[in-house]
Trainee: 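Quick one: this structure, given as structure tokens, is what I'll be asking you about.
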Amino acid sequence: MSNKLVLIDGNSIIYRAFFALPLLNNDKGVYTNAVYGFTTMLLRILEEEQPTHILVAFDAGKTTFRHETYKEYKGGRQKTPPELSEQFPLLKEVLDAFSIPHYQLEQYEADDIIGTLSTVEKEDDWNVTVISGDKDLLQLTSDQVTVSLTKKGISEVERYTPAFMKEKMDIAPDQIIDLKALMGDKSDNIPGVPGVGEKTAVKLLKQFGTLEGIYDHIEEVSGKKLKEKLTTYKDEAFLSKDLVTIKRDSPITVEPKELAYGGYDPNQLSGMFKELGFQSLLDRIGGDTTAEGTSEPMKEIDVTILREVTDDIFTGKEALVAEMLGENYHTGTIEGFGISNEKGNYFIPAEVALQSAAFQEWAEQYDNKKMVFDAKKTLVVLLNHGIHIKGIDFDMLLASYLLNPSENNHDIPAISNRLGKTDVLYDEEVYGKGAKQKVPEEQVLAEHIIRKTAALYALEEQMEEKLKANEQLELYKELEMPLALILGEMEHLGVLVDISNLEEMGNGLKQRLQDLEKEIHELAGEPFNLNSPKQLGPILFEKLNLPVIKKTKTGYSTAADVLEQLENEHEIIPKLLLYRQLGKLQSTYIEGLLKVVDPHTNKIHTRFNQALTQTGRLSSMEPNLQNIPIRLEEGRKIRQAFVPAKKGWIMFAADYSQIELRVLAHMANDDKLIRAFQEDLDIHTQTAMDVFHVDKEGVTDSMRRQAKAVNFGIVYGISDYGLSQSLGITRKEAKKFIDRYFESYPGVKSYMDEIIQEAKHQGYVTTLMKRRRYLPDITSRNFNKRSFAERTAMNTPIQGSAADIIKKAMIDLYGRLEEENLNARMLLQVHDELILEAPKEELEKLMEIVPEVMEHTVELHIPLKVDYAYGDSWFDAK
DNA sequence: TTACCCACGC
DNA sequence: GACGTACGTGGGTAAG
């Protein structure tokens with residue numbers, strides 16, 4: 001049994017907590033926010049890390065030994081706010097109640113205490129985790145020492161291992177010192193070398209290794225200016241290095257073995273919590289704290305490389321990775337397969353597996369359960385090799401996404417790291433990146449892949465437990481997982497494109513663009529790059545003296561809404577607008593689409609990202625088929641090029657009418673809104689009637705337009721500012737509209753108020769199907785952050801529930817098409833719309849079942865309504 | 001390569 | 001009143 005030592009940088013964490021949380025005080029008027037934040041974090045650390053030994057280190061007093069060498073050290077720092085200072089003694093009391101030792105040392109900082117204690121790593125049996133918000137501590141990272149840094153406030157930490165640092169910052173732990181020496185650090189008043197920032201510093205360190213290395217080879221430094229600066233500020237650089245180096249031999253009077261931790265006494269703690277008014281924490285200490293599993297770093301891993309697949313390696317429950325370099329799995333090739341199960345870890349070279357009947361047989365058996373990362377990708381790559389995988393019942397990607405969609409790194413090593421399993425390498429570490437990317441020798445490749453499958457195998461249970469605790473198991477198993485396979489089939493099938501149609505359009509556009517360019521250059525009096533706002537700006541606003549409406553960070557804004565306001569000022573403007581419009585069509589939609597058509601089949605295979613958006617919507621890329629033009633006729637014609645795959649087939653498009661507003665009516669349970677939908681009224685007209693207090697006949701076009709914008713705002717969670725922009729009115733007026741809207745729909749108003757309260761209370765909001773979005777900023781003292789979080793709280797349940805609904809509809813429709821033995825099939829999803837292709841003979845049936853399935857996939861307080869259309873191309877399905 | 005501007009969809 | 005304002009993907013330019 002090895003020892004697990006947790007070292008907490010007390011000052012750093014309490015500062016973080018203080019600034020991350022609003023200024024709470026208890027009933028006696030004592031400020032407690034920082035202590036509260038610290039305590040919640042502490043509870044989590046105890047759960048997650050299960051330390052056998054623990055210490056919280058604090059800075060002592062104002063001066064340190066560092067001031068002797070540099071008296072300006074930490075100069076210019078703002079004084080600690082008194083609201084925070086008064087919490088230090090409280091925190092120490094809380095630590096005592098936890099029976100957690102804390103320590104400080106005259107003339108030394110918490111860093112040095114931690115640095116010194118972390119050297120126990122050298123005695124083999126210790127594992128150390130350092131917890132801080134200060135990047136300087138990263139220099140302590142090693143094989144035995146993990147440094148967890150707080151991210152965004154204190155609600156999240158990021159665990160740095162040497163490998164993770166390499167991946168994220170591209171430097172080794174001890175180079176942090178050199179990095180800081182070069183960059184300096186404003187907050188500690190460390191000078192560094194002026195003009196050298198992170199980018200330059202990393203570049204130098206990659207070349208020369210250390211600060212000393214740089215100065216030993218100063219002549220080899222590229223760039224005259226840079227060399228000069230380095231030479232001039234050499235002393236400062238070395239002084240800085242000295243200052244940022246954490247002491248590993250401070251004269252501390254504690255020893256690691258004295259820090260043994262046997263847990264806390266809930267009774268003692270609850271007294272303390274009651275006194276402080278930490279109501280919500282009382283529950284947490286009552287229950288058991290041994291729940292979360294942690295895993296020891298696995299140093300070595302056994303891999304069996306198979307030259308032949310025999311069915312005796314399979315057990316019926318294995319983790320599978322079909323490894324592929326690059327993003328696009330429609331065109332990529334498999335490098336090899338990894339399989340982990342109870343018996344061991346196997347690497348199968350791609351050609352061995354793909355020619356093996358035993359492998360195919362195993363893959364296609366539904367009863368053989370597979371744990372994978374990205375079921376959709378796995379399905380598609382295997383389909384491309386003629387294997388139809390079945391029996392996938394764990395998808396780490398989807399599980400991770402559902403647990404926290406705002407986490408933007410969902411690859412196996414990142415997820416594993418977060419769950420305490422730190423022995424999976426990042427792809428970049430193994431393959432390199434960019435032009436230098438390459439496949440390593442087989443043994444290395446095999447081990448890398450096997451570490452992934454081993455992680456899948458090891459973490460399935462833990463992740464599913466978490467989903468279960470969130471009540472998201474159904475969302476995961478019954479919605480996202482089945483959908484992944486359907487999306488995979490849709491992507492794999494692809495959409496047929498009429499290439500010559502696109503090319504003809506392109507040729508026409510090319511001519512028109514050339515003509516326009518010439519005309520615009522003549523009107524401008526000089527040639528310039530029309531696609532460069534930077535060049536266009538001065539022409540419009542200096543040479544032609546047009547009034548400046550808006551500026552951007554780097555110059556004049558030439559965005560469409562600006563140009564539209566100048567439309568009558570100069571004849572160049574309408575031509576520019578047209579040029580922009582056509583240019584977009586040409587570059588993005590004609591050329592862009594032609595670039596991604598499969599030349600053998602003339603089909604386009606998009607990729608839907610099912611684990612990306614914060615709301616639960618899908619996204620689509622390479623190409624994005626969710627933003628094909630429709631608003632303007634000219635652009636809409638692009639859709640003529642999307643045609644059915646077979647002769648005698650048609651395109652069939654069905655879309656939900658006002659799904660978000662209907663969802664809102666349901667969730668808010670607003671009488672008026674519900675009635676409007678039950679009677680199937682034109683919702684924007686109805687809103688106009690309610691907001692402007694007129695009858696139907698009294699609604700003018702302008703009123704309806706404004707009402708529509710307000711509805712739009714409600715659905716997308718825009719601010720009064722956003723609404724003012726879209727309506728071209730002042731913010732005040734926009735706010736008035738929103739207020740009037742809420743007056744008219746009191747149910748909506750109270751729903752919105754409640755949802756914000758709920759978000760504040762539990763830290764997240766949920767959708768109909770229990771999808772979550774965490775909103776840590778909801779309690780921010782920063783008005784903007786908080787406002788944004790509040791709008792998000794209001795908007796996400798609406799948009800996210802709509803996303804849930806159409807996802808479920810896709811699953812239902814897929815099943816129904818199969819049941820009815822139809823050849824019709826889904827091709828695309830565009831948020832509230834499904835596009836299918838089908839034989840003409842099935843048209844009648846589709847007109848019956850598609851709306852039926854979509855409208856009744858869930859039953860709400862209001863009816864869902866689906867419109868549909870069909871034709872010989874996507875364009876004609878309108 | 002990266003940052004910025006712009007524009008398309010929902 | 002602050003401050004920067006729905007979410008995505010992708011094309012282009014310009015600067016490093």
Side-chain angles (χ1 to χ4, degrees), chain A residues 197 199-200 203 222-223 226 405-406 408 433-435 528-537 550-563 576-577 579-593 595-596 606-609 612-632 634-636 638-639 655-656 658-660 709 712-726 731-732 734 773 780-796 798-800 802-803 806 828-833:
Chain A
K199 290 264 145 62
T200 314
K203 203 185 79 199
S222 58
L226 180 58
S406 71
N408 49 21
K433 71 168 178 180
F528 67 100
N529 187 339
L530 282 174
N531 289 316
S532 164
K534 207 188 150 172
Q535 293 182 36
L536 177 61
K550 200 164 66 176
K551 291 198 131 199
T552 67
K553 251 182 266 180
T554 49
Y556 306 103
S557 169
T558 65
D561 61 322
V562 170
L563 298 188
L576 272 170
L577 282 166
Y579 180 88
R580 283 253 176 94
Q581 187 199 331
L582 301 184
K584 175 79 177 173
L585 288 181
Q586 177 76 320
S587 64
T588 306
Y589 295 107
I590 304 282
E591 290 168 3
L593 286 174
K595 246 185 275 179
V596 293
T606 185
R607 269 146 47 226
F608 290 106
N609 197 333
L612 185 136
T613 69
Q614 303 302 300
T615 55
R617 277 187 174 185
L618 302 175
S619 78
S620 154
M621 55 186 278
E622 272 186 85
N624 181 352
L625 293 185
Q626 291 181 321
N627 72 344
I628 303 300
I630 188 165
R631 248 183 56 241
L632 302 173
E634 191 101 38
R636 190 173 198 158
I638 298 282
R639 296 177 176 228
D655 70 294
Y656 280 109
Q658 302 296 350
I659 187 165
E660 279 99 350
F712 180 85
I714 298 287
V715 166
Y716 287 115
I718 62 174
S719 57
D720 49 5
Y721 175 86
L723 182 62
S724 74
Q725 289 297 296
S726 69
R731 229 178 78 178
K732 244 189 177 153
R773 181 170 186 181
S780 169
R781 287 202 308 295
N782 177 316
F783 174 85
N784 276 320
K785 286 186 175 174
R786 190 175 64 247
S787 303
F788 184 53
E790 286 174 357
R791 295 205 302 277
T792 309
M794 299 188 268
N795 162 249
T796 297
I798 302 173
Q799 222 192 94
I806 192 164
L828 299 172
Q829 187 249 48
V830 190
H831 307 309
D832 63 356
E833 177 183 15

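In this text the structure is predicted, and so the values were computed from the model without any measurement. The sequence lines fix the lettering, A, B, ..., with proteins before strands; numbering per chain opens at 1.
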Trainee: Does Arg580(A) make a side-chain donor-acceptor contact with the base of dC6(B), cut-off 3.5 Å?
Mentor: no
Trainee: Mind listing the residues from residues 583-592 of chain A sitting with a heavy atom below 4.0 Å of DNA chain B? Number order is fine.
Mentor: Lys584(A), Tyr589(A)
Trainee: Touch check for Arg731(A), heavy atoms < 4.0 angstrom, all strands: base, sugar-phosphate only, or nothing?
Mentor: base
Trainee: Does a nitrogen or oxygen in the side chain of Thr558(A) sit under 4.0 Å from OP1 or OP2 of dC6(B)?
Mentor: yes
Trainee: Does the dT5(C) base have a donor-acceptor partner in the side chain of Ser719(A) within less than 3.5 Å?
Mentor: yes
Trainee: May I have the distance from Phe788(A) (atom CZ) to dA6(C) (atom P), rounded to whole angstrom?
Mentor: 7 Å
Trainee: Short question: side chain of Arg791(A), backbone of Gly717(A) - any donor-acceptor pair under 3.5 Å?
Mentor: yes
Trainee: On DNA chain C, does the nearest nucleotide to Thr615(A) precede the nearest nucleotide to Asp720(A) from the 5' side, or the other way round? Give the residue.
Mentor: Asp720(A)
Trainee: Taking CZ from Arg631(A) and P from dA7(B), how many angstroms apart are they, rounded to a whole number?
Mentor: 11 Å
Trainee: Tell me the interatomic distance from Gln626(A), atom CD, to dA7(B), atom C1', rounded to whole angstroms.
Mentor: 16 Å
Trainee: Could you tell me which residues satisfy side-chain hydrogen bond (donor to acceptor under 3.5 Å, both in side chains) with Arg617(A), sequence neighbours excluded, listed by chain and number?
Mentor: Glu660(A), Gln799(A)
Trainee: Quick one: which of Val830(A), Leu625(A), Ile628(A) gives a side chain to side chain contact (heavy atoms under 4.5 Å, CB included) with Ser620(A)?
Mentor: Leu625(A)
Trainee: Pairs counted as Watson-Crick or G-U wobble with both distances under 3.5 Å: what dot-bracket string results for DNA chain C, using | for bases tied to another strand?
Mentor: ......|||||||||.
Trainee: Once you round it to whole Å, what is the distance between C1' of dG10(C) and CD1 of Ile628(A)?
Mentor: 11 Å
Trainee: From CG of Leu612(A) over to C1' of dC7(C), roughly how many Å is that when rounded to an integer?
Mentor: 10 Å
Trainee: With respect to the phosphate group of dC4(B), does any side-chain polar atom (N or O) of Thr554(A) fall under 4.0 Å of OP1 or OP2?
Mentor: no
Trainee: I need the Thr558(A) OG1 to Leu536(A) CG distance, nearest 0.5 Å.
Mentor: 5.0 Å
Trainee: Which whole number of Å gives the distance between the C1' atom of dA6(C) and that of dC8(B)?
Mentor: 15 Å
Trainee: CG of Asn609(A) versus P of dC7(C): gap in Å, rounded?
Mentor: 16 Å
Trainee: Which whole-number value in Å describes the distance from Ile638(A) CD1 to dG9(B) P?
Mentor: 11 Å
